[in-house]
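Whatever order the structure lists them in is the order used to number ligands and atoms, beginning at 1. In this chain, numbering begins with 1 at the start of the sequence shown.
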Amino acid sequence: MKIGIIGAGFVGRAIGKLAVQAGHQVMLSNSRGPQTMFSLRYAVGAEVGTVDEAVAFGDVVVVAIPLSAYRAVPVEPLAGKIVIDTNNYYHERDGRFPELDARATTTSELLAGHLPRSKIVKAFNAITMKDLESEGKPAGVPDRRALPLAGDDADTKAVAVKLYDEFGFDAVDVGPLSEGWRFERGTPAYCVPFTKADLQKVLASTMRDGPLSA
Ligand SMILES: NC(=O)c1ccc[n+]([C@@H]2O[C@H](COP(=O)([O-])OP(=O)(O)OC[C@H]3O[C@@H](n4cnc5c(N)ncnc54)[C@H](OP(=O)(O)O)[C@@H]3O)[C@@H](O)[C@H]2O)c1
């Protein structure tokens, strides 16, 4: 696959590196331009470009920027494309989003509202990039860690499942994008390692109005 990545921080670099190792072609981008990512070409093994170039490059585009910047993601060039949303809400960083504080929507539904003609899957948000780069295991190993995803389109979700598997993780599909709250920040599944069977149980028993941990 050709994967364009908007954001070249912890998430962009980790997903980019693992995708290159899995045989994909990757282009990283950030807000400041490719001249600021000179060494990343060698560290990650990816191409670097502007946001517009990364969006045009990717059959699949990963959004890996702070949530506060989600409205800067280009809309028309992403029409019809698969978009993997890795974002989380940290009010300390992103400022307050009253609709998220009220748990009336999710970060990925905000992005989907901004990108109405794109196919969004919420994935890779509920694991630290340190763990993503170090905890992958071959399929079939009994204690293989599982990661959650949510989305409205089966083919789009299959792309996230494939990447999870290539990076060494099982997948648990929680259903439509509107169910993505089950693994947002502060929920029991957020950045906690579980096998597939255990993650399924934890996600099923998560309450939307339950207490949030940090
Ligand atoms: N770190 C983790 O382990 C982790 C795990 C799962 C999910 N997440 C979530 O993933 C998202 C990214 O986190 P991160 O840790 O990778 O952040 P980060 O290290 O701070 O990197 C953010 C990247 O986004 C770029 N960026 C910011 N505004 C942009 C814009 N308008 N257009 C293009 N690029 C822009 C930045 O580029 P410039 O420096 O050029 O602005 C930078 O490369 C966050 O929502 C975070 O909560 C993080």
What atoms in ligand 1 come closer than 4.0 Å to a heavy atom of [X]?
X	result
Thr128	3 (O)
Asn125	6 (C), 7 (C)
Asn87	11 (C), 44 (C), 45 (O)
Val51	33 (C)
Arg32	38 (P), 39 (O), 40 (O)

What protein heavy atom sits nearest [atom], and how far off is it?
atom	answer
atom 28 (N) of ligand 1	Ala69 CB, 3.8 Å
atom 1 (N) of ligand 1	Phe10 CB, 3.6 Å
atom 43 (O) of ligand 1	Ala8 N, 2.8 Å
atom 3 (O) of ligand 1	Met129 N, 3.0 Å
atom 35 (C) of ligand 1	Ile65 CG2, 3.4 Å
atom 22 (C) of ligand 1	Pro66 CD, 3.8 Å
atom 9 (C) of ligand 1	Thr86 O, 3.4 Å
atom 21 (O) of ligand 1	Gly9 CA, 3.2 Å

Is [Y] paired with [X] through a side-chain N to carboxylate O contact shorter than 4.0 Å?
X	Y	value
Arg145	Asp170	no
Lys162	Asp165	no
Glu76	Arg117	yes
Glu184	Lys122	yes
Lys81	Asp59	no

side-chain contact (heavy atoms from CB on, under 4.5 Å) for Leu147 and Val172? Distances and angles first, verdict last. CA-CA 6 Å; Leu147 299 176; Val172 175; over 6 Å; no
Take the angle between the ring planes of Phe97 and Tyr70 and call it parallel below 30°, perpendicular above 60°, tilted in between. tilted
Is it true that [X] lies under 4.0 Å from ligand 1, counting heavy atoms only?
X	result
Ile127	yes
Phe124	yes
Arg93	yes

Which residue from [options] reaches closest to [atom] through any of its heavy atoms?
atom	options	value
atom 4 (C) of ligand 1	Asn30, Val11, Ile6	Val11
atom 29 (C) of ligand 1	Pro74, Ser31, Gly12, Ala14	Ser31
atom 31 (N) of ligand 1	Ala72, Ser29, Gly7	Ala72

Could you list the donor-acceptor pairs under 3.5 angstrom formed between side-chain atoms of residues 4-21 and any protein atom two or more places apart in sequence or on another chain?
from	atom 1	to	atom 2	distance (Å)
Arg13	NE	Ala8	O	3.0
Arg13	NE	Gly9	O	3.1

Residues Pro148 and Ala126: closest non-hydrogen pair is CG-CB, 4.0 Å
Report task. Give the minimum heavy-atom separation between Pro66 and Arg93, together with the two atoms involved. Result ->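 The answer is CB-NE, 3.9 Å.
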query: Looking at atom 38 (P) of ligand 1, would you say a protein heavy atom lies below 4.0 Å from it?
result: yes
Determine whether any protein heavy atom is located less than 4.0 Å from atom 17 (O) of ligand 1.
no
Q | Any N or O of Arg13 closer than 3.5 Å to N or O of ligand 1 | A | no
ask   = Any idea which part of Ala64 is under 4.0 Å from ligand 1, heavy-atom wise: side chain, backbone, both or neither?
value =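 Under 4.0 Å from ligand 1, Ala64 contributes backbone atoms alone.
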If we set the cut-off at 4.0 Å for heavy atoms, which region of Thr36 has an atom near ligand 1: side chain, backbone, both, or neither?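 Neither part.
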Which of Asp94, Asp101, Thr106, Asn125 passes side chain to side chain donor-acceptor pair (under 3.5 Å) with Tyr89? Answer is Asp101
Check the side chains of Asn87 and Thr107 for a donor-acceptor pair under 3.5 angstrom, ignoring hydrogens and angles.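 Thr107 vs Asn87: no donor-acceptor pair found between side chains.
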Residues at least two apart in sequence or cross-chain that pass salt bridge (Lys or Arg N to Asp or Glu O under 4.0 Å) with Glu53, listed by chain then number, are none
So CH2 of Trp181 and OG1 of Thr105: to nearest 0.5 Å the spacing works out to 13.0 Å
